[in-house]
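Numbering of ligands and ligand atoms starts at 1, following listing order. Positions are given from 1, in the same order as the sequence printed here. All values reported here derive from a predicted model rather than from experimental measurement.
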Amino acid sequence: MDAIIERLMIATAADAALIRLQHKDGKFYWATQRGFPDYYLKAAGTPPPGSALEYVFNTGEPVLAPDIAADPRLKGKVQLKAGLLSCAMLPLKIQNEPRGILHLASRQLGYFDESQREQLMVIARQMGIALENREHYDNLMASRDELAKALKIKDEFLSVMSHELRTPLNVVMGYTTLVLDGLLGEVNPWQKEALDKVMTRANDQLAIINSMLCAISFEAGRAKAESRPVNLAEFLNHLRREYIVPEDKKLIFNWDYSPSLPTVTVDSGKLKQILANLIDNAIKFSHEGNVTVSASHIPDVDTVEFKVSDTGIGIAKETLPMIFEKFYQVDSSETRPYGGVGLGLHVAKKFAELLGGKVEAESVPGKGSTFTITIPCGRR
Ligand code: ADP
């Protein structure tokens with residue numbers, strides 16, 4: 001505002017300039033000014049009924065007065081006391097609504113007159129645009145601050161909730177294991193089957209809670225990689241043992257890697273989580289066909305490339321860029337057929353970045369998807 005009025009004084013060579021804006025309470029406040037004495041600013045707080053200010057504001061038409069003393073529209077004549085003899089009052093509009101008045105005054109008699117109407121109105125319109133931009137900027141800043149506050153509250157809430165949910169779940173799982181292991185008496189096959197289901201579902205729930213805690217730890221900048229030498233072939237042999245094809249799916253699992261894969265320096269827990277999240281999705285979103293996990297060493301850049309591909313439902317081209325976002329799900333309706341909370345890929349991406357690598361996705365709807373994870377071997 002100060003910069004605007006400074007330039008305005010130069011452009012119009014006026015002796016005084018004042019920007020008055022109407023606030024939400026309906027009253028006028030001067031935003032910035034040059035050359036008006038204090039008693040004028042005080043006297044001109046709210047435009048009195050029938051005044052020139054009120055006219056300009058209500059009609060959107062300017063008042064150009066070459067001779068303040070002789071102009072019946074200017075009733076108070078307070079400007080004369082300050083030696084200002086000619087003035088221009090111009091409407092300031094924001095989004096076509098009157099919001100204030102730009103007031104220019106000169107010590108020279110006849111300085112402002114009707115011949116400058118167009119030129120001065122152009123200046124007033126440009127000022128309106130500048131004010132509009134400022135208002136947009138203020139609104140944007142306010143929304144950004146509110147959003148940041150809301151996000152912080154949400155992360156704190158999720159963090160507390162996740163911890164609170166994990167504690168009782170650990171107790172449920174602990175006692176279930178006790179019963180399953182026969183430590184509280186013999187378990188018959190039906191009871192075992194039921195308890196296995198309890199354990200499977202409790203494990204799913206624990207995985208969700210853990211991925212929620214992971215996602216929050218990235219936000220808080222708490223996530224760290226703990227790298228150690230890992231024999232990749234052995235690592236994949238272990239991982240492979242954890243996967244069996246679910247009974248309700250006609251899927252074939254392929255594992256394709258050489259036993260001579262190198263030993264790499266990596267956080268094996270995080271690498272396992274990345275692959276597990278992608279494999280779980282490949283199984284979840286495929287009904288028949290293949291799920292293939294492959295790994296190969298790329299010597300030129302000393303990286304390992306893992307691929308998890310499936311012959312499942314696939315992902316539309318326009319949704320591909322979104323799938324790694326936190327809580328994103330292609331179908332988030334209440335009736336969606338697949339479970340999950342939309343954190344698996346987000347966690348996989350963040351973990352891959354933490355390990356100095358990346359995850360990329362390719363997909364053909366109806367045909368299947370391939371996720372490629374590139375991780376540096378970390379031996380340099
Ligand atoms: P969710 O817990 O919902 O699986 P993810 O972050 O793992 O969350 O995945 C986000 C979304 O990306 C999923 O809801 C799904 O719509 C889509 N998606 C992920 N992996 C696959 C896949 N292999 N095939 C088809 N869609 C997938």
To atom 2 (O) of ligand 1, the nearest of Gly342, Ala361, Gly344 on a heavy-atom basis is Gly342

Please identify which atoms of ligand 1 are closer than 4.0 Å to at least one heavy atom of Gly314.
25 (C)

Under a 4.0 Å threshold between the charged nitrogen and the carboxylate oxygen, would Lys152 count as salt-bridged to Glu156?
yes

Determine whether any heavy atom of Phe324 lies closer than 4.0 Å to an atom of ligand 1.
no

Counting from 1, what ligand 1 atoms have a heavy atom of Leu343 closer than 4.0 Å?
6 (O), 8 (O)

More than 12 non-hydrogen atoms from neighbouring residues, nucleotides or ligands closer than 6.0 Å to NZ on Lys272, yes or no?
no

Would you please say whether a donor-acceptor pair under 3.5 Å links the side chains of Asn254 and Thr292?
yes

Can you find a side-chain donor-acceptor pair between Lys358 and Thr374 that sits under 3.5 Å?
no

Numbered atoms and elements of ligand 1 in range of Tyr328, under 4.0 angstrom, heavy atoms
10 (C), 11 (C)

Quick check on Asp310 - does any of its heavy atoms sit under 4.0 Å from an atom of ligand 1?
yes

Pick one of side chain, backbone, both or neither for how Leu345 approaches ligand 1, counting any non-hydrogen atom pair under 4.0 Å.
both

So is Ser369 close enough to ligand 1, meaning a heavy atom under 4.0 angstrom away?
yes

I'd like to know whether the aromatic ring centres of Phe306 and Tyr257 sit less than 6.0 Å apart in this structure.
no

Check this for me - ligand 1, Val330, N or O atoms closer than 3.5 angstrom, yes or no?
yes

Within 4.0 Å of some non-hydrogen atom of Lys284, the atoms of ligand 1 are 1 (P), 2 (O), 4 (O)

Glu226/Lys270 salt bridge by N-O under 4.0 Å criterion
no

Same apolar cluster: Ile274 and Tyr328, side chain cutoff 4.5 Å
yes

